[in-house]
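Heads up, the thing below is written out as structure tokens.
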Amino acid sequence: MSRVKTVNPNADIIGKNHALAMNIQAAKSLMSVVKSNLGPSGTMKMLVSGAGMIKITKDGKVLLDEMQIQHPTASIIARTATAQDDITGDGTTSNVLFTGELLRQSAIHLSEGLHPRVIVEGFELARDQCMKFVDEFKTTVDTKEIDTEMLMAVAKSSLRTKVHQKLADHLADIAVRCIKCIRKPDLPIDLHMVELMHMVHKSDMDTRYIDGLVLDHGARHPNMAKRSENCYIMILNVSLEYEKSEVNAGFFYSNAEEREQQIAAERKFTDDKVLKIIKFKEKICGDSGKGFILINQKGIDPLSLDLLQKAGIVGIRRAKRRNMERLSLACGGYAVNSVDDLEEKCLGFADLVYEHVLGEDKYTFVEGCKNAHSCTVLLNGPNDHTIRQIKDALRDGLRAVRNVIEDGAVIPGAGAFEVAAYNMLQEFKRTQKGRVKLGIDAFANALLVVPKTLAENAGLDVQQAIIALMEQSHSEGKPKVGLDLATGKCLMPADLGIWDNVRVKRQLLHLGSLVAMKLLLVDEVIRAGRKFNKAPADPNQPVM
């Protein structure tokens, strides 16, 4: 300490015992904040921003992102937990609880004089054993022939911890349909192919899946058809508006007729492109009565819109680039960069295209696309914070379903893994010698924080519930038992479809233990940065 003071007299130093106590206390404090949110029976938190924006959530990631955490140790734990959500889409709250409980269990042994390094060695052994145990405990899933019921069960298990049960089941169905739509064999699943569009009206249960796309703008001509069935979709990336020359040139005319000829020649360049599209439409549609929708990434001027309307074509201009990419995946066809040599295979097809007006906003729905590899979820809700809550929950639901397909396995939920891992570590502890047993024991006890918190949030007797789980898990055959939050008794998660993601458990064991081990080995906290320096007593003296 004295050496640091010599280098920087203004450094703020927290010594060995105080540093460890501070880290453990910070972890326990953060753990107590998010503890009540865990599981389907968890409570909500209301977050109010400085601008008065309200967010009601029980999603750990949203909570940790929005909270302004000042304490450096708590901030490290929060960032690690949110990193887990970024990777896997779930397990944020469990991560914070597990890290906090590891440090709390360590504090018991540290108070008796055990060195942190010994505990860390025990943690490393226990973590490695648990990682191996995940592979033994998991249930393999056939990813070639997807079991929709299994995917639904995983999505429900994830979503019921974030929104109420009725909405969670509704969103689970949407998430599974989205993943099945965008999935391509032998290719990674790209969740960006699911467009999340929101409209502030109706209720949260009116959120629906659309096998196509929703554009957040409509046709610009008042007389264009508002509803078309059996439509060809032409995706265009060609400017259909009057353009000035890009070259600085001077044009001179001697009378009014020459001026009119010049204007007509300039206009003809754009009109020719429009007429080629109209001629192509007549060739494709003929007298079949099918609709023809032109969606252009660039502009369409009023005169061109009028020509298109008279030909029975619905023209939509200035579509977003991301929508252009999704349109070709949803409807088929491809984006055309020139109106010369147009072919029928460049067109997409949709059963229904219609315009919906909400206040001053227009939306164009493109539905009924065959063999679509892109889709849209239309989020409905009475207010902004409901839509934000649904959006956050649906993102996690989509990733939970994707994880099942990419992992090719699931793991029983309802605290079953944690109880089984505890029993396994107790047996493993007997094979070890020396003080590392204490670290393994602390790790095993920390795992039980998940079933204990689930029981506590459901209003059950925690001790009674855990003892019942232990007794049942030690019975003949060592069944994979979990906790029934309704009765406090044991249940078989596999029979009731309560599943967790394998990668979530892996990340939980890895990241939670890693942060706890790093914090246990901190013996001094030094705040010596420039902004932490104290003001000098003499105003003329420079800050060191």
Side-chain angles (χ1 to χ4, degrees), residues 20-21 23-35 38-39 60 73-74 76-78 80-81 84 91-112 114 116-134 137 411 413-429 432 435-457 462-463 465-467 469-470 473 482-483 500 504-521:
L20 206 50
N23 287 343
I24 292 169
Q25 189 57 45
K28 286 162 69 176
S29 300
L30 188 61
M31 175 181 162
S32 65
V33 171
V34 299
K35 193 173 185 179
L38 185 73
T73 305
I76 288 171
I77 297 170
T80 306
Q84 163 152 353
T92 317
T93 308
S94 303
N95 197 310
V96 174
L97 291 179
F98 183 50
T99 305
E101 188 66 15
L102 280 172
L103 290 170
R104 195 180 75 81
Q105 293 289 337
S106 304
I108 298 168
H109 297 297
L110 292 170
S111 63
E112 295 171 354
L114 189 66
R117 174 58 70 183
V118 178
I119 297 175
V120 168
E121 287 175 7
F123 280 3
E124 287 174 344
L125 285 170
R127 181 193 62 197
D128 294 342
Q129 282 300 117
C130 283
M131 287 296 210
K132 293 175 186 173
F133 185 65
V134 168
F137 198 74
I411 203 162
F417 171 76
E418 287 77 9
V419 171
Y422 171 85
N423 292 334
M424 181 274 297
L425 286 175
Q426 292 299 331
E427 291 176 9
F428 174 68
K429 185 177 72 171
Q432 301 299 307
R435 293 180 298 172
V436 291
K437 284 185 175 184
L438 299 173
I440 296 168
D441 190 54
F443 195 98
N445 288 323
L447 282 171
L448 292 180
V449 71
V450 173
K452 282 179 180 177
T453 307
L454 287 172
E456 184 181 330
N457 290 347
V462 177
Q463 283 74 26
I466 293 298
I467 289 168
L469 274 175
M470 291 298 172
S473 65
L483 181 65
D500 285 338
V504 171
K505 293 298 181 192
R506 286 185 188 282
Q507 290 292 334
L508 171 68
L509 293 167
H510 177 71
L511 290 176
S513 57
L514 185 71
V515 174
M517 288 189 288
K518 295 292 183 189
L519 292 175
L520 280 172
L521 295 176

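Considering every non-hydrogen atom in both I466 and P451, the closest pair reads CD1-CB, 3.9 Å. Pairing each heavy atom of L114 with each of L110, the nearest pair is O-CD2, 3.2 Å. Listed here is the closest heavy atom pair of A446 and L102: CB-CD2, 3.6 Å.
Counted by atom type alone, Q432 and K429 present zero donor-acceptor pairs between their side chains at under 3.5 Å.
We find that E124 and R127 are not joined by a salt bridge, their nearest charged nitrogen and carboxylate oxygen being 4.0 Å or further apart. A salt bridge links K35 with E456: at least one charged nitrogen is closer than 4.0 Å to a carboxylate oxygen.
In this structure, the side chains of K518 and N23 stay at 4.5 Å or more apart for every pair of heavy atoms. Side chains of F417 and D500 form no contact here, defined as non-hydrogen atoms less than 4.5 Å apart. Here the side chains of L514 and T80 are not in contact, with every heavy-atom distance at 4.5 Å or above. No side-chain heavy atom of V118 sits less than 4.5 Å from a side-chain heavy atom of L438. In this structure the side chain of T453 never reaches within 4.5 angstrom of the side chain of T93, judged on heavy atoms. Inter-residue side-chain proximity for N423 and M470 is flagged as met; some heavy-atom pair is nearer than 4.5 Å. The closest side-chain heavy-atom distance from T92 to Q84 is not below 4.5 Å. Proximity of L125 to F443: side-chain heavy atoms (C-beta onward) are nowhere separated by under 4.5 Å.
Remark: E101 CD to M31 CE distance equals 4.5 Å, nearest 0.5 Å. With values rounded to the nearest 0.5 angstrom, Q463 atom CD is found 7.5 Å from K452 atom NZ. Taken from CG in L30 to CG in L103, the straight-line distance is 11.0 Å, to the nearest 0.5 Å. From D128, atom CG reaches atom NE2 of H510 across 10.5 Å, with rounding to the nearest 0.5 Å. N445 contributes atom CG, which lies 10.5 Å from atom OG of S106 (distance to the nearest 0.5 angstrom). The CG atom of L520 sits 6.0 Å away from atom CD1 of I24, with the distance rounded to the nearest 0.5 Å.
Across V134, I411, L511, a single residue satisfies side-chain contact (heavy atoms from CB on, under 4.5 Å) together with R506, and that is V134. Between N95 and the choices V34, L508, V504, L509, the side-chain contact (heavy atoms from CB on, under 4.5 Å) rule is met once, by L508.
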In sequence, state the C-alpha distance, the side-chain angles, and the governing distance for C130 and M424, and then conclude on side-chain contact (heavy atoms from CB on, under 4.5 Å).
CA-CA 8 Å; C130 283; M424 181 274 297; 4.1 Å; yes
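Panel note: side chain T99, backbone V96; no donor-acceptor pair is recorded below 3.5 Å.
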